[in-house]
Protein chains: 2
Amino acid sequence: MTATGFETHDHSACISTALAAAETCCTEHRLQFTKVRRRVLEILLHEHRALGAYDILAVLAGEGLGAQPPVAYRALEFLVSNGFAHKIEKLNAYIACSLPGQDHSPVFMICRSCQTVVEAQTVLPAGQLAQVARDAGFDIERAVIEAEGTCPACRNSKDAASDAPGTKA
Amino acid sequence: MTATGFETHDHSACISTALAAAETCCTEHRLQFTKVRRRVLEILLHEHRALGAYDILAVLAGEGLGAQPPVAYRALEFLVSNGFAHKIEKLNAYIACSLPGQDHSPVFMICRSCQTVVEAQTVLPAGQLAQVARDAGFDIERAVIEAEGTCPACRNSKDAASDAPGTKA
DNA sequence: ATCTGTAATGTAATACTATATCAACCCGCA
DNA sequence: TGCGGGTTGATATAGTATTACATTACAGAT
């Protein structure tokens with residue numbers, strides 16, 4: 001059990017569910033869910049945080065699945081372009097999608113303190129961003145929305161720490 | 001005259017206005033608006049698109065103002081942290097702020113076709129993003145919002161092209 | 001069963017982006 | 001005059017990503 005959303009959950013179940021979903025989706029769309037691609041998705045799912053391409057590459061290399069950058073980048077590119085993973089631009093890192101299969105425009109909340117990344121959804125054609133774009137005559141195709149801040153758990157422990165002066169942050 | 005917003009405007013005026021605003025702001029806050037920092041801001045203002053740190057460095061080097069990466073990165077860090085410029089995460093590139101002085105949470109519209117970047121403002125505590133964060137108990141400190149798409153000019157020329165079959169895209 | 005074209009992989013080299021470190025300098029000020 | 005903070009110079013290196021090309025695996029056609 002580790003955290004997603006910002007709550008705890010059954011982690012191994014969420015990994016196998018996501019993996020199965022990806023498998024199904026690839027079959028449906030005639031995509032090849034190869035060994036490396038599958039393994040990279042597994043690695044991402046195993047953490048609920050963003051991993052750098054070279055972190056992933058290190059794991060792959062340790063398993064004899066390829067040691068050169070393109071191996072990792074190609075798998076990541078496949079996963080990202082088919083919606084099984086996302087890139088967090090702010091971190092130059094990658095994370096498994098928490099709602100694979102459906103076409104969506106994700107928004108991420110990145111905790112500055114524990115590095116946990118949580119994915120949520122917005123409706124792109126609604127909201128201020130869309131209004132601004134409409135006003136400018138700009139046609140939005142994709143949007144990167146990444147919020148940096150403090151997650152509930154870290155905020156609480158920070159509050160607790162400041163309640164106890166003498167405990168250094 | 002080049003484009004900002006997505007309209008044309010008096011470019012040299014916008015450069016000198018922004019430069020003057022930065023100067024004033026630095027004086028007020030006891031910040032040193034040094035030669036390199038000023039020059040980097042000028043370079044950014046001169047284009048209404050995002051420039052990579054090494055693009056800027058190349059210009060500086062050509063002028064004898066420093067040829068090593070830290071020169072550019074230090075100046076950019078100063079400009080970004082004081083709100084005179086922003087980093088476009090999606091592009092790993094930097095752009096002059098179009099509303100310097102005021103504390104703000106910018107949103108960018110990046111044209112995939114001509115690379116023009118336009119800055120607009122949103123009210124962070126409003127909108128879907130804030131709602132999502134509130135629901136999750138997440139405390140947003142900063143947000144990166146970058147929309148990719150097609151600007152009015154490029155969309156029009158694209159439409160014109162597709163009206164004339166035989167003209168290759 | 002073999003051929004063939006496309007997609008995926010292996011591997012090396014390199015490009016691009018960013019930071020760490022430490023010494024030197026400048027300037028305002030006690 | 002000497003101290004201290006912030007800025008700059010310079011070297012090295014870390015971290016992220018792509019190009020290029022040879023090779024292999026595989027699905028579909030013959």
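Order of the sequence lines sets the chain letters (A, B, ...), proteins ahead of strands, with each chain counted from 1. Just so we're clear, the structure is a prediction, and the values are computed from it rather than from any experiment.
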Can you tell me the distance, in whole Å, between the [atom1] atom of [X] and the [atom2] atom of [N]?
{"X": "A:Leu51", "N": "D:dT16", "atom1": "CG", "atom2": "C1'", "result": "15 Å"}
{"X": "A:Ile56", "N": "D:dA17", "atom1": "CD1", "atom2": "P", "result": "10 Å"}
{"X": "B:Leu76", "N": "D:dT8", "atom1": "CG", "atom2": "P", "result": "13 Å"}
{"X": "A:Arg38", "N": "C:dT9", "atom1": "CZ", "atom2": "C1'", "result": "19 Å"}
{"X": "A:Leu57", "N": "C:dT9", "atom1": "CG", "atom2": "C1'", "result": "14 Å"}
{"X": "A:Leu65", "N": "C:dA8", "atom1": "CG", "atom2": "C1'", "result": "14 Å"}
{"X": "A:Leu31", "N": "D:dA25", "atom1": "CG", "atom2": "C1'", "result": "17 Å"}

Taking distance alone, no hydrogens or angles, what donor-acceptor pairs closer than 3.5 Å link side-chain atoms of residues 52-71 of chain A to residues at least two apart or in another chain?
{"residue": "A:Asp55", "atom": "OD2", "partner": "A:Gly52", "partner atom": "N", "Å": "3.0"}
{"residue": "A:Glu63", "atom": "OE1", "partner": "A:Arg39", "partner atom": "NE", "Å": "2.9"}
{"residue": "A:Glu63", "atom": "OE2", "partner": "A:Arg39", "partner atom": "NE", "Å": "3.2"}
{"residue": "A:Glu63", "atom": "OE2", "partner": "A:Arg39", "partner atom": "NH2", "Å": "2.7"}

Residues which pass salt bridge (Lys or Arg N to Asp or Glu O under 4.0 Å) with A:Glu119, listed by chain and number, not counting sequence neighbours
none

Hey, what are the protein-to-nucleotides 4-7 of chain C N/O distances that come in under 3.5 Å?
none

Tell me, please, which residues at least two apart from [X] pass side-chain contact (heavy atoms from CB on, under 4.5 Å).
{"X": "B:Ser105", "result": "B:Thr122, B:Leu124"}
{"X": "B:Glu23", "result": "B:Phe33, B:Arg38"}
{"X": "B:Ala93", "result": "B:Ala50, B:Leu91"}

Taking side chain to side chain donor-acceptor pair (under 3.5 Å) as the test, write out the residues that go with A:Glu89, two or more places apart.
none

For this output row, return yes or no: ring centroids of B:His86 and B:Tyr94 closer than 6.0 angstrom.
no

Only counting residues at least two apart or in another chain, list the ones meeting ring pair (Phe, Tyr, Trp, His ring centres under 6.0 Å) with B:Phe78.
none

Starting at the 5' end of nucleotides 11-30 of chain C, put B wherever the base has a protein heavy atom under 4.0 Å, S where only the sugar-phosphate does, and a dash everywhere else.
BB----BBBB----------

